[in-house]
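See structure below.
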Amino acid sequence: MAKNIAQKIIEAHLVEGKTVPGQEIALKIDQTLLQDATGTMAMLEFETLDVPRVKVKRATAYVDHNMLQTGFENADDHLFLQTMAAKYGLYYSRPGNGISHQAHLERFDIPGQTMLGADSHTCQAGALGMIAIGAGGCEVALAMAGEPYSLIMPEIHLVSLKGTLPAWCSAKDIILELLRRLTVKGGLGKIFEFGGPSLAKLTVPQRSTIANMGAELGLTTSVFPADERTQNFLKAQNRLKDFKFLLPDKDAKYDGQIELDLSKLEPLIAKPHNPDNVVPVREVEGTEVRQVAVGSSVNSSFVDLMVIAEVLKNKKINPGLQLTISPGSRQVLVMVTQNGALSEMIKAGARGLEVACGPCIGMGMAPPSGGISVRTFNRNFPGRSGTADDQVYLTSPEVAAATALKGVITDPRKLGKPPRIKMPTKFYIDDTHFLPPAKDPDKVEIVRGPNIQPLPIQEPLREILEGEVIIKLKDNISTDEILPAGAKILPLRSNIPGISEFMFFYLDPGFVKRVKEKQGGFIVAGENYGQGSSREHAAIVPMYLGIQAVIAKSYARIHRGNLINFGILPFEFANSKDYEMLQQGEKIVLRNVPGIVKSKDRILAEVNGNRIELKINLTERNREIVLAGGLLNYIKSKKS
Ligand code: MIC
């Protein structure tokens with residue numbers, strides 16, 4: 001039977017189940033990816049599994065998020081990760097070496113392989129023909145221990161590209177257009193496979209921009225073919241040995257198809273506070289801007305930075321704003337240094353930041369109060385930048401450069417001829433800052449500074465769940481709202497008691513006090529609860545604070561998995577109108593919970609003398625995980 005690319009990779013890695021959309025499958029994982037903000041927790045989880053050495057083809061731990069060292073915390077985390085990596089068989093990418101997804105694309109992504117990463121943007125590796133999926137750290141720890149990864153088989157949709165991108169439009173406009181059309185929920189339960197007559201025109205960095213923001217669509221992942229473009233990229237990275245063609249069969253079938261005529265696109269921008277709030281740039285042109293920030297995994301490639309440098313060459317940025325540049329990797333930074341582009345940007349007035357995620361997760365460069373920040377990044381959830389009343393817009397490097405020059409949001413088509421950046425035929429290569437695992441692991445001592453706190457203990461599932469609704473939330477609440485990032489909070493990622501003080505910090509500063517006074521309770525939410533990051537802290541912290549369950553209209557994929565893995569049941573309203581009935585302070589009682597979780601799909605919640613029906617919607621494996629007291633306990637009980 002003719003197969004598409006996603007089917008080919010999935011079938012070659014299938015360990016359990018049938019590739020029927022909606023059914024549970026398990027995949028063999030070839031590579032794992034950790035980053036420091038989720039990786040310390042994943043490493044603590046891995047440690048409990050008693051596995052002496054990782055069992056995947058390649059495991060890598062990056063330091064790219066927690067880079068501002070304003071106290072001992074982040075430095076403690078780096079050392080912990082470095083020594084854990086050396087002992088257990090991971091490559092350790094030193095701080096300054098690269099944003100994980102960009103550096104991995106350059107050096108380690110391999111067409112046809114699978115990867116599981118403790119970061120939602122792991123899907124960026126789909127640009128090189130991988131099935132790469134973001135997941136909670138616990139799932140990645142298990143994959144490192146050689147366990148297959150269980151997921152619901154997604155539908156596979158073809159995104160067919162035709163036409164040619166107009167001048168001043170780029171890959172960011174393609175993904176923003178998909179977000180505009182489909183919204184942040186549009187990709188739930190799906191893989192997007194890119195194809196069509198214009199696919200061959202897209203370079204690997206362009207593909208990686210598109211694949212990266214599949215996370216914002218809610219996709220399980222995206223995948224591109226491995227074609228001549230891929231071959232040229234890997235050749236220029238001196239990695240031809242990793243290349244093989246991976247194309248869909250001629251009559252491959254898909255579960256759905258989206259047509260995108262590139263020639264109809266125009267420069268786009270996502271307004272605050274959701275990546276799907278997309279409008280043409282011309283609609284917001286002239287809006288005064290205080291900050292322009294270039295970088296983040298989605299737009300920090302050599303080509304992205306060259307666009308900025310070319311536009312700014314021999315010019316000065318507007319005095320009303322600040323411009324920051326964060327290169328995606330050491331490779332990118334060295335190349336823009338050697339060819340003089342960095343000095344063009346600096347001369348124009350840019351502030352050069354280090355190779356890191358930086359402002360994208362609020363690690364520095366928080367914008368001024370209420371001030372508009374135009375960013376080439378992938379997320380603009382409220383407060384993520386570190387400023388409570390931030391106003392973050394997401395756009396392409398082209399729009400960012402034009403805006404930096406003019407001081408107001410600017411349609412770059414006004415600037416005349418667009419820059420023409422050539423893809424390098426040879427990249428700068430130096431792998432010495434990926435430290436390989438130790439040859440003598442027994443001699444490696446794990447350095448555990450005071451920021452590394454033990455994992456909290458998970459209680460078994462209770463017979464009766466009862467308590468008040470502690471908070472009632474609207475649709476599309478992101479993990480950035482549940483448990484914010486930012487320079488003050490991120491350093492506590494290895495310290496659950498410490499970070500628990502910040503749950504719903506910007507959204508509802510009284511939440512933590514209330515949940516403690518009430519000794520736990522329920523969270524009620526609308527659609528797509530927990531969109532955004534893979535941070536399992538957004539599930540561990542509620543568990544730690546005594547949250548009994550979440551009741552929502554629907555959930556984002558990764559966060560739902562994280563809740564289950566930490567024993568918090570993700571209930572759904574059987575009748576979404578009941579959402580209106582549940583108000584903050586309302587008392588809820590659920591009885592015989594383990595009995596119902598064992599075999600039923602519905603449960604009745606007692607609310608103020610009324611009963612409302614909730615859906616449970618769990619796979620067999622999910623049920624066993626919840627009953628075993630979480631994923632780690634489940635795996636251990638299976639082994640004993
Ligand atoms: C993000 O972009 O939101 C992050 C920060 O990279 C997260 C990971 C995290 O919370 O540490 C992600 O995308 O998963």
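Each ligand, and each atom within it, is numbered from 1 in the order the structure gives. For clarity, every value in this text was computed on a predicted model and none was experimentally measured. Basis for what follows: all heavy atoms, side chains included, without hydrogens, waters or symmetry-related copies.
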Distance in Å, Met130 CE paired with His104 NE2, rounded so as to fall on 0.5 Å steps: 6.0 Å
Please round to the nearest 0.5 Å and tell me the distance separating atom CD1 of Ile131 and atom OG1 of Thr122. 13.0 Å
Considering distance alone, does some N or O of Ser534 sit under 3.5 Å from an N or O of ligand 1? yes
Using distance alone, decide if ligand 1 has a nitrogen or oxygen within less than 3.5 Å of any nitrogen or oxygen in Asn378. no
What part of Ile361, side chain, backbone, both or neither, has a heavy atom within less than 4.0 angstrom of ligand 1? side chain
Using a 4.0 Å heavy-atom cut-off, which part of Arg379 comes near ligand 1: side chain, backbone, both, or neither?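 For Arg379, the contact with ligand 1 is made by the side chain alone.
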In the protein, which heavy atom is nearest to [atom], and how far is it?
atom	result
atom 11 (O) of ligand 1	Arg493 NH1, 2.8 Å
atom 13 (O) of ligand 1	Ser120 OG, 2.5 Å
atom 8 (C) of ligand 1	Gln35 NE2, 3.2 Å

Just so I know, are the side chains of His157 and Ile191 near enough to count as touching, which here means a heavy-atom distance under 4.5 Å?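 No. Closest side-chain heavy atoms not under 4.5 Å.
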When you compare the side chain of Arg379 with that of His121, does any pair of heavy atoms fall below 4.5 Å? yes
Under a 4.0 angstrom heavy-atom cut-off, which atoms of ligand 1 come close to [X]?
X	result
Ala37	11 (O)
Asp119	4 (C), 6 (O), 7 (C), 8 (C), 12 (C), 13 (O), 14 (O)
Thr38	9 (C), 11 (O)
Ser533	3 (O), 7 (C), 10 (O), 12 (C), 13 (O), 14 (O)

Report the residue from Glu572, Arg560, Lys185, Glu527 that forms a side chain to side chain donor-acceptor pair (under 3.5 Å) with Ser554. Glu527
Per atom 10 (O) of ligand 1, closest listed option by heavy atom (His65, Arg535, Arg384):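 Nearest option to atom 10 (O) of ligand 1, by heavy atoms: Arg535.
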Quick one: do the Ser385 and Asp390 side chains pair a donor with an acceptor below 3.5 Å?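 The criterion, which ignores hydrogens and geometry beyond distance, is satisfied for Asp390 and Ser385.
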Side chains of Asp30 and Gln113: do they bring a donor and an acceptor to under 3.5 Å?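 There is no such pair (donor and acceptor under 3.5 Å, judged by atom type) between the side chains of Asp30 and Gln113.
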If you draw the axis of the six-membered ring of Phe108, does the NZ or CZ of Arg58 fall within 45° of it and under 6.0 Å from the ring centre? yes
